[in-house]
Amino acid sequence: MSGAVELPGDKSISHRYGMLAAIAEGTTKIVNYSTGADCQSTLACLRSLGAEMETRDGVLCVQGRGLDGLRAPQAMLAAGNSGSTIRMLSGILAAQPFVSCIGGDESLSRRPMQRIMEPLRQMGASIEARDNKFPPLTIRGSKLRAIDYTLPVASAQVKSCVLLAGLYAEGRTTVHEPVRTRDHTELALREFGAAVDVEGRAITVTGRPHLVARELRVPGDLSSAAFFLVAALIVRESALTIYNVGLNPTRTALLDFLAEMGAQIKILDVRGAGGEVLGDLLVRKSPIRGGVMEKDRTAALIDEIPALAVLGAASEEGLVVRDAAELRVKETDRIATIAENFHRMGLAIEVRQDGFEVPGKQRFHAGELDSFGDHRIAMAFSIAALIADGPSTIEGAEAARVSFPEFFDTLHRIAE
Ligand code: S3P
C-alpha cells in the first residue's frame with residue numbers, strides 16, 4: 001500500500017453543517033460535504049422541508065430558511081440507513097408547527113429510538129413510533145420547554161438531538177453526558193452563532209438564537225481513514241499519506257490507541273477550520289502489540305472497532321474489547337457480523353454479550369465474506385482480505401457507499 005489518500009468529508013460534521021445551514025439565515029457554502037449516502041439522505045430530508053440547495057464547482061450551497069422557515073413535508077422523510085439523520089433531525093422536527101413522519105431502510109427500522117423520544121417528550125413534543133421504539137417516527141411538533149437532561153447512554157446523536165431541539169425552546173437547555181462524546185454539534189452551533197456553554201460534561205445551549213449562514217470546510221473523515229491506517233499497518237512494506245484528516249480531540253482516541261500499540265503514525269501540518277482541527281497523517285507498516293479496549297475508550301472508538309478487530313487478529317498479542325454493548329445496535333449487530341466474517345476467514349474470536357476477544361498472530365484465510373449491508377463491515381473485511389492467502393469475495397460490498405463511495409477506487413489505486 002503506497003501513495004496518497006484523500007477522504008470524503010467527515011460524516012458527523014457534514015450532517016450537522018447541513019442541518020444548521022437549513023435553519024440559519026442566508027446561504028451557507030460547504031466545501032467537501034460528505035459524498036456518503038447517509039449525508040445525502042440528510043440533504044434530501046432538508047429539501048423536503050423546504051431548504052433549497054445546489055452544488056456549484058463542488059461547493060454545496062444551502063439557502064437557509066431561518067429558525068422558523070421550514071415547511072411541512074409532502075411525504076415521509078427518508079433517512080435511508082442513517083441513524084444520525086433520524087435522531088438529530090428529530091430534534092428540529094419536534095419544534096415545528098406541523099406533523100412529520102421520518103423512516104428509513106430495514107436496518108434503520110430495527111434501531112432504538114426511545115433514547116431520543118424520552119427527552120423530546122419531556123420537552124413537550126408528541127412522538128409515535130412502531131412498537132413505541134422503532135422507526136418510522138410520527139412527530140407532532142409543538143412549542144418546546146427547555147430541559148436539563150442526563151443521557152442514560154453515551155451518544156453524540158442523542159446529545160445533538162436535544163441541543164437542536166433546545167434551539168427552539170425559551171431559555172437554556174442542558175445535556176449532561178456520562179462520558180465525553182464527539183463535540184461537533186457544539187462547535188458547529190457556535191460557528192453559526194448560537195451561544196453554547198460547556199462546563200465539564202454539561203453542555204448548555206440558549207434557545208432562540210439568531211443563526212447566520214457561514215462558509216465552511218468539512219475535514220476528511222478520520223473514521224474512514226481508519227480502514228487505510230489499518231491496511232497500511234498490516235500490509236507489508238506499506239507507507240501511506242492521508243490528507244486533510246479531521247483531528248478533533250473527541251475523535252482522535254484512535255490515533256492514541258494505535259500509537260500505544262506501536263503504530264508509526266506521524267501527524268503533519270495541523271491546522272484549524274470552523275472550530276475543527278485537521279492535519280495530514282503519514283503511516284507505515286509497523287509491528288502492532290495488541291491491547292485492551294474498555295470503558296470510556298470503547299465509547300470513543302465505537303465506529304473504529306470493525307477495523308481494529310482485523311488489526312487485532314494480525315497483532316502480536318491480540319485485542320480485547322469490553323463495554324461495547326452499543327455495537328449490538330449499530331447498522332448491524334457488529335459483534336455478530338464481525339464474528340461471522342472471522343469464522344468465514346478461519347480466524348478465532350471469542351464473543352461476549354458486550355464485546356469480544358481476538359487472539360493475535362492469526363493467519364487470514366480467503367473466504368466468501370458478507371457486509372450484511374453494513375458499510376463499516378464491508379470496508380473492514382476488504383482490508384482483512386488484503387492479507388488473506390487468496391482472493392476473497394464480499395457480498396454486498398457496495399454498502400461502503402453509505403459513508404465512502406470512493407472506497408474501492410481509492411483502495412485499488414494505492415494497493416500495488
Ligand atoms: C455519531 C455518533 C455515534 C456514531 C455514529 C455517528 C454522530 O453514534 O457511532 O456513527 O455523528 O453523532 P451514537 O450517538 O449512537 O453513539
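For this chain, numbers begin at 1 and follow the sequence in order. In listed order, ligands and their atoms are each counted from 1. Values below: all heavy atoms of this structure, side chains included; hydrogens, waters and symmetry mates excluded.
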Is there side-chain contact between Y17 and T28, with at least one heavy-atom pair below 4.5 Å? no
Give the contacting part of V153 toward ligand 1: side chain, backbone, both or neither, where contact means a heavy-atom distance below 4.0 Å. neither
How does H15 reach ligand 1, if at all, at less than 4.0 Å between non-hydrogen atoms: by side chain, backbone, both, or neither? neither
Checking contacts here: is it the side chain or the backbone of H184 that comes within 4.0 Å of ligand 1, counting heavy atoms only? Could be both or neither. neither
May I ask you to identify the nearest protein heavy atom to atom 14 (O) of ligand 1, giving residue, atom name and distance to one decimal place in Å? S155 OG, 2.6 Å
Out of K11, R16, Q157, who gets a non-hydrogen atom closest to atom 2 (C) of ligand 1? Q157
Checking heavy atoms under 4.0 Å, the part of K330 that sits near ligand 1 is side chain
What is the nearest protein non-hydrogen atom to atom 4 (C) of ligand 1, stated with its residue, atom name and distance? D303 OD2, 3.3 Å
pair S100-L77: side-chain heavy atoms closer than 4.5 Å: yes
More than 12 heavy atoms of other residues, nucleotides or ligands under 6.0 Å from CZ of R115: yes or no? yes
Show the atoms of ligand 1 that are less than 4.0 angstrom away from any heavy atom in R87. 15 (O)
Hey, is ligand 1 close enough to A156 that some N/O pair sits below 3.5 Å? yes
Can you confirm whether R401 is buried at CZ, in the sense that more than 12 heavy atoms of other residues, nucleotides or ligands lie under 6.0 Å from that atom? no
Show me which atoms of ligand 1 lie under 4.0 Å from any heavy atom of I302. 9 (O)
Side chains of K159 and T181 only: does a donor on one sit below 3.5 Å from an acceptor on the other? yes
Region of S84 engaging ligand 1 - heavy atom pairs below 4.0 Å: side chain
Working for ring-ring contact (aromatic ring centres under 6.0 Å, His included), residues F227 and F381: CA-CA 9 Å; F227 302 103; F381 284 91; over 10 Å; no
Other residues, nucleotides, ligands: >12 heavy atoms within 6.0 Å of Q114 CD: yes
Under 6.0 Å from the CD atom of E118, do we count more than 12 heavy atoms belonging to anything else shown? yes
